2 protein chains.
Amino acid sequence: MSNAKVLPLLEPADEGAAPCCPPLTERPFSPEEAETAARMFKALGDPVRLRLFSLVASHEGGEACVCDISDVGVSQPTVSHHLKKLKEAGLLASERRGTWVYYRVEPSVLAAMGQLLTVRSVA
Amino acid sequence: MSNAKVLPLLEPADEGAAPCCPPLTERPFSPEEAETAARMFKALGDPVRLRLFSLVASHEGGEACVCDISDVGVSQPTVSHHLKKLKEAGLLASERRGTWVYYRVEPSVLAAMGQLLTVRSVA
């Protein structure tokens, strides 16, 4: 965990886990908000990455390594490449233990993205 | 509304508004589920498209036309191009009234995407 970077969708630690952006239906996004949120949506905008993300997110204990992933139809280096992209987008955190790097989903990031998609009630 | 196509994230009408996919944390996505959901995430994975989407989603009355959009720093043809992409991804519906095409967000699609991002509670 010592290598964990500040997740791009979250404010700095002293702000707690406040997400970067309001719900998409609340007001127009600023350019900066759009840059931050688009980076995360883009990371999930690839079918293989999305499958890998759901594999990690639903894996026992909430984490998985490349060694746990065998049935997405791409090579292990490709799996590693996609996991790295998901990490760079702030969606996964990673930790090396022995031979393998283990990945887990950042629940606060999922919650923040979920909030983006909150539907404003229209009277 | 007569031109509205079946939204890709939703089941056919006889199934009601059931979303295509379970929460990302529930189980690994199938290839088909990943294709469908990734298409929507990808559409929101561009900062200009995301700003346009939030402009439409937060606009008075829940709809907007190109004529309402002037401050995203791109030309009107580019705005039209991005709105078309969002429509093709099933995120916006459109209706021509007189000179202009009006776009509005599909609330059921936002709700379905929000459900994808539901965080499974971990004991």
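Chain A is the first sequence line, chain B the second, and so forth, proteins listed ahead of strands; every chain is numbered from 1. Atoms considered below: every heavy atom in the structure, side chains included; atoms not considered: hydrogens, waters and symmetry mates. Keep in mind it's a predicted model, so treat the numbers as computed, not measured.
- In this structure, A34(A) and P47(B) approach most closely via the heavy-atom pair CB-O, 3.5 Å.
- P31(A) is listed as a side-chain neighbour of R51(B), based on a closest heavy-atom distance under 4.5 Å.
- Pairing each heavy atom of S54(A) with each of F29(B), the nearest pair is OG-N, 2.8 Å.
- Put simply, the residue from V72(B), L55(B), I69(B), V56(B) that forms a side-chain contact (heavy atoms from CB on, under 4.5 Å) with P28(A) is L55(B).
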Checking L24(B) against L50(A) for the side-chain contact (heavy atoms from CB on, under 4.5 Å) test, could you report, in this order, the C-alpha distance in whole Å, the side-chain angles of both residues, the deciding distance, and whether it holds? CA-CA 8 Å; L24(B) 279 161; L50(A) 196 55; 3.7 Å; yes

After noting the C-alpha distance and the side-chain angles of T25(A) and S58(B), does the key distance pass the side-chain contact (heavy atoms from CB on, under 4.5 Å) rule? CA-CA 4 Å; T25(A) 53; S58(B) 62; 5.6 Å; no

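- Taking CE of M40(A) as the reference point, atom CZ of F41(B) lies at 10.5 Å (rounded to 0.5 Å).
- A distance of 15.5 Å separates CZ in R27(A) from NE2 in H59(B), rounded to the nearest 0.5 Å.
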